[in-house]
Amino acid sequence: METRKDEGLQALGRKTQYSTDYDPSVLETFQNKHVGNDYWVQFNCPEFTSLCPITGQPDFAEIRIMYLPDQRMVESKSLKLYLFSFRNHGDFHEDCVNTIMKDLICLMDPKYIEVTGIFTPRGGISIYPYANYGRPGTRYELLAQNRLEQHQAL
């Protein structure tokens with residue numbers, strides 16, 4: 001994945017250009033000014049859409065992203081553009097959640113991150129995939145293990 005990590009913020013303050021398919025290159029970061037603090041950053045993205053890879057029908061969800069930043073943080077408009085890029089992308093719910101998490105790990109290298117998808121029922125079934133990650137060899141790896149073991153569906 002290619003990112004604009006060190007080029008400065010490109011999307012903020014410009015006319016919005018929407019990608020027509022999955023595009024992690026729109027993600028941007030900025031410097032965390034509070035590196036010495038552990039603190040949560042949470043994004044609730046209630047208008048996420050993707051396509052079923054089998055039927056091509058739209059799937060709707062709220063995506064919740066929570067992370068403990070380290071050096072870099074994701075810029076919110078670029079995150080919005082990135083999530084919007086899934087609109088014409090065909091993937092299963094579980095794949096979307098894991099892809100989002102992995103792209104954000106690659107982009108920011110957070111101490112800890114978790115992503116939850118709260119997908120609208122289709123065919124009478126709700127799917128709520130959850131994925132998390134804690135930096136290996138640190139206390140955040142244990143945090144990830146504990147949160148996964150204690151995770152309960154909504």
I need the Leu79 CG to Cys45 SG distance, nearest 0.5 Å.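 The CG atom of Leu79 sits 5.0 Å away from the SG atom of Cys45.
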Using 0.5 Å steps for rounding, measure from the CZ atom of Phe30 to the OG atom of Ser76.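 Answer for the CZ-OG pair, Phe30 versus Ser76, is 7.5 Å.
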Excluding sequence neighbours, so at least two apart, what forms side-chain hydrogen bond (donor to acceptor under 3.5 Å, both in side chains) with [X]?
{"X": "Tyr82", "result": "Asp103"}
{"X": "Lys80", "result": "none"}
{"X": "Asp70", "result": "Arg135"}
{"X": "Asp38", "result": "Lys111, Arg139, Tyr140"}

One pair to check against side-chain contact (heavy atoms from CB on, under 4.5 Å): Gln71 and Asn32. What are the steps and the verdict? CA-CA 5 Å; Gln71 299 292 319; Asn32 177 10; 5.9 Å; no
Linked, directly or transitively: [X] and [Y] (ILVMFWY side chains, under 4.5 Å):
{"X": "Val97", "Y": "Val41", "answer": "yes"}
{"X": "Met101", "Y": "Met108", "answer": "yes"}
{"X": "Met66", "Y": "Phe119", "answer": "no"}
{"X": "Met73", "Y": "Val35", "answer": "no"}
{"X": "Val115", "Y": "Tyr22", "answer": "yes"}

Measuring only between side-chain heavy atoms, which start at C-beta, is [X] closer than 4.5 Å to [Y]?
{"X": "Ile113", "Y": "Ile105", "answer": "yes"}
{"X": "Leu104", "Y": "Leu27", "answer": "yes"}
{"X": "Thr116", "Y": "Ile63", "answer": "no"}
{"X": "Leu68", "Y": "Leu143", "answer": "yes"}

Between [X] and [Y], what is the shortest heavy-atom contact and its length?
{"X": "Tyr39", "Y": "Pro69", "answer": "O-CD, 3.2 Å"}
{"X": "Pro121", "Y": "Ser126", "answer": "CG-OG, 3.2 Å"}
{"X": "Ser50", "Y": "Cys96", "answer": "OG-SG, 3.8 Å"}

[X] and [Y]: side chain donor to acceptor below 3.5 Å:
{"X": "Asp59", "Y": "Gln57", "answer": "no"}
{"X": "Gln145", "Y": "Glu141", "answer": "no"}
{"X": "His89", "Y": "Asp91", "answer": "yes"}
{"X": "Thr29", "Y": "Arg72", "answer": "yes"}

Under a 3.5 Å distance rule, please check whether [X] uses its side chain to pair with a backbone N or O of [Y] as donor and acceptor.
{"X": "Ser85", "Y": "Asp23", "value": "yes"}
{"X": "Glu75", "Y": "Lys77", "value": "yes"}
{"X": "Gln42", "Y": "Ile65", "value": "no"}

Determine, stepwise, if the pair Asn98 / Phe92 fulfils side-chain contact (heavy atoms from CB on, under 4.5 Å). CA-CA 10 Å; Asn98 278 281; Phe92 291 112; over 6 Å; no
Return each pair, listed once, that meets ring-ring contact (aromatic ring centres under 6.0 Å, His included) where at least one residue sits in residues 45-70; pairs must be two or more places apart or across chains.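 Listed once each, the pairs are Phe48-Phe86.
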Other than Ile125, which residues form its hydrophobic cluster under the rule that side-chain heavy atoms must be closer than 4.5 Å?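 Under the 4.5 Å side-chain rule, Ile125 groups with Ile127.
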Yes or no on salt bridge (charged side-chain N to carboxylate O under 4.0 Å, His left out) for Arg64 and Glu62, after CA distance, side-chain angles and deciding distance? CA-CA 6 Å; Arg64 293 181 182 171; Glu62 177 178 344; 2.9 Å; yes
